[in-house]
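To start, the structure itself, in structure tokens.
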Amino acid sequence: MKKLNTLLLISGLSLSLFTTTSAQEQADNKVIITGVRFAYPLVEKWIKEYTAANPKSQIVIETRTITDPQKYDLLIEAYDQDKEVKETREYISIGRYALLPVANSKSAFAKDYAEKGLNEKTYKQIFFHDIYAEKDKSLTTPYTIYTRLQKAGAPLTFARYFGYEQQNIKGKAIAGADEHLIKALLKDDTGITYTTPGLAYDLQTRKPVEGLTIIPVDLDGNGRVSKEEKALDNLDNVIASLETEKIKNVPVEYLHFSIDKHNSNPEAKKFLLWVAANAEKDLHQYGYLKPDGKRVQNEKEKLERFQAVK
């Protein structure tokens, strides 16, 4: 009986040790990602590919709401943080996103400006509060602007490109993510907004989302919108144009992954390096522009040094 009790005790201890080790392994392999929501479809594809090759890894996205989750390993951001924040985190630039003006296809604005297009002066008059700007008196078409309520990457990038801040953008401020602007616009026959190609276009057909009109802009800065600049029916052609030409009147910014410099999660570091090596092949499919190769290489080398620190 004594022998049996001893065996049971040993078995129980072994099971307890196995359970503890297994739980610890799961915790070590779990990576929590949060940040800008328009990037989630692209990041989800990377998670699927990475976990197929690394089945013990558990990578999850915790959706950002008004604030970030209390605890996370990796942050996706769509604008440059302040210097103080950047000093505490390592970054990898995974791609670039553009911001295009869009309108409800039923609107008078879409009908007029799909033909006229927007130059810099008209762009500023429509979207921004600026009492000193020269007014275009021919602008009489009714419209309703939709913009983000919370501080976010897309409105910050959009405003700063034209020399303003997010609070200077006119219009109805919508709570939620960038896709909520599109949903609001589609319900309003006067609606216009700014958005990323990944939200403006159907990623399967490569055509504009049904109900949306992409408004052409003066890409070369010559003051008028040419026939070529109005060719916006195909996402791949738009991306090619934005990548190969020196463009104006289209805000473009980097999408970043970042990790705390004091983060001890080796799986998060491993995933980041995998993304750095594999991201480029998926960017166009999801509506993104490729990043500068030299910039990415420098950041990758920093990440490799960071990964080596235990």
Side-chain angles (χ1 to χ4, degrees), residues 30-51 58-81 85 89 91-102 145-161 166 169 171-187 191 193-204 208-209 211-212 214 235 239 251-260 268 271-272 275 279 282-289 291:
K30 184 171 183 178
V31 179
I32 298 173
I33 300 174
T34 194
V36 60
R37 288 172 61 169
F38 69 70
Y40 288 179
L42 175 60
V43 176
E44 285 168 352
K45 183 179 189 299
W46 291 337
I47 291 172
K48 185 177 180 180
E49 288 187 6
Y50 179 81
T51 53
Q58 183 184 1
I59 304 179
V60 296
I61 294 176
E62 288 200 8
T63 301
R64 168 184 278 176
T65 54
I66 296 175
T67 58
D68 292 324
Q70 188 173 7
K71 183 180 179 182
Y72 57 85
D73 299 295
L74 300 176
L75 183 64
I76 320 162
E77 276 298 356
Y79 66 96
D80 269 346
Q81 292 282 2
V85 176
R89 304 186 69 81
Y91 286 81
I92 186 72
S93 303
I94 56 178
R96 295 179 296 149
Y97 67 95
L99 290 169
L100 307 173
V102 296
I145 295 168
Y146 288 88
T147 188
R148 292 285 301 276
L149 177 62
Q150 296 93 351
K151 179 181 179 182
L156 277 171
T157 295
F158 183 73
R160 289 176 179 175
Y161 177 86
Q166 181 174 340
I169 302 175
K172 292 184 177 182
I174 302 295
D178 297 278
E179 58 262 34
H180 294 116
L181 297 186
I182 302 300
K183 291 179 180 178
L185 180 152
L186 290 172
K187 294 177 182 178
T193 191
Y194 50 89
T195 196
T196 64
L199 292 174
Y201 287 84
D202 183 312
L203 297 180
Q204 301 306 313
V209 167
L212 285 186
I214 319 297
L235 175 56
I239 291 173
V252 175
E253 184 54 275
Y254 275 90
L255 193 66
H256 310 92
F257 256 132
S258 72
I259 185 171
D260 193 307
F271 176 70
L272 264 191
V275 168
D282 297 312
L283 294 176
H284 287 177
Q285 173 60 35
Y286 284 83
Y288 295 93
L289 313 182

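We count residues from 1, following the sequence as given. In this text, all values refer to a predicted model and were calculated from it rather than measured experimentally.
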After noting the C-alpha distance and the side-chain angles of L203 and L235, does the key distance pass the side-chain contact (heavy atoms from CB on, under 4.5 Å) rule?
CA-CA 8 Å; L203 297 180; L235 175 56; 3.9 Å; yes
Say whether, by atom type as modelled, one donor and one acceptor occur between the side chain of [X] and the main chain of [Y] under 3.5 angstrom.
| X | Y | value |
| --- | --- | --- |
| Y40 | G35 | yes |
| D73 | I32 | yes |
| Q166 | Q150 | yes |
| R96 | E253 | no |
| T34 | E62 | yes |
| T157 | A154 | no |

With a 4.5 Å cut-off on side-chain heavy atoms, are [Y] and [X] touching?
| X | Y | result |
| --- | --- | --- |
| I47 | I33 | yes |
| Q58 | V31 | no |
| Y79 | H256 | no |
| L75 | V36 | no |
| L283 | L289 | no |
| Y286 | K45 | yes |
| S258 | L74 | no |
| L156 | K151 | yes |

Smallest separation among heavy atoms of [X] and [Y], with atom names:
| X | Y | answer |
| --- | --- | --- |
| A39 | Y288 | CA-OH, 3.4 Å |
| P291 | G95 | CD-CA, 3.9 Å |
| P155 | I169 | O-CD1, 3.8 Å |
| L212 | I182 | CD1-CG2, 4.1 Å |
| Y146 | G191 | CE1-CA, 4.0 Å |
| A200 | V102 | CB-CG1, 4.1 Å |

Taking the ring of F271 and the ring of Y50, is the distance between their centroids below 6.0 Å?
yes
If you take the centroid of each ring, where Trp contributes its six-membered ring, are F38 and Y97 closer together than 6.0 Å?
yes
Applying side-chain contact (heavy atoms from CB on, under 4.5 Å) to Y254 and I94, what does each step give before you reach the verdict?
CA-CA 7 Å; Y254 275 90; I94 56 178; over 6 Å; no
Evaluate salt bridge (charged side-chain N to carboxylate O under 4.0 Å, His left out) for E44 paired with K48, printing each intermediate quantity in order.
CA-CA 6 Å; E44 285 168 352; K48 185 177 180 180; over 6 Å; no
Mind checking the NZ-CG spacing from K183 to D178? Nearest 0.5 Å is all I need.
12.0 Å
Under a 3.5 Å cutoff, is there a donor and acceptor pairing between the side chains of T147 and Y194?
yes
Go through the steps for L99 and T195 under the test side-chain contact (heavy atoms from CB on, under 4.5 Å), then give the verdict.
CA-CA 5 Å; L99 290 169; T195 196; 5.7 Å; no
Test side-chain contact (heavy atoms from CB on, under 4.5 Å) applied to T193 and I145, step by step:
CA-CA 6 Å; T193 191; I145 295 168; 5.7 Å; no
Could you list the residues that satisfy salt bridge (charged side-chain N to carboxylate O under 4.0 Å, His left out) with R37, not counting sequence neighbours?
E179
Below 30° counts as parallel, above 60° as perpendicular, anything between as tilted: where do the rings of F257 and W46 land?
tilted
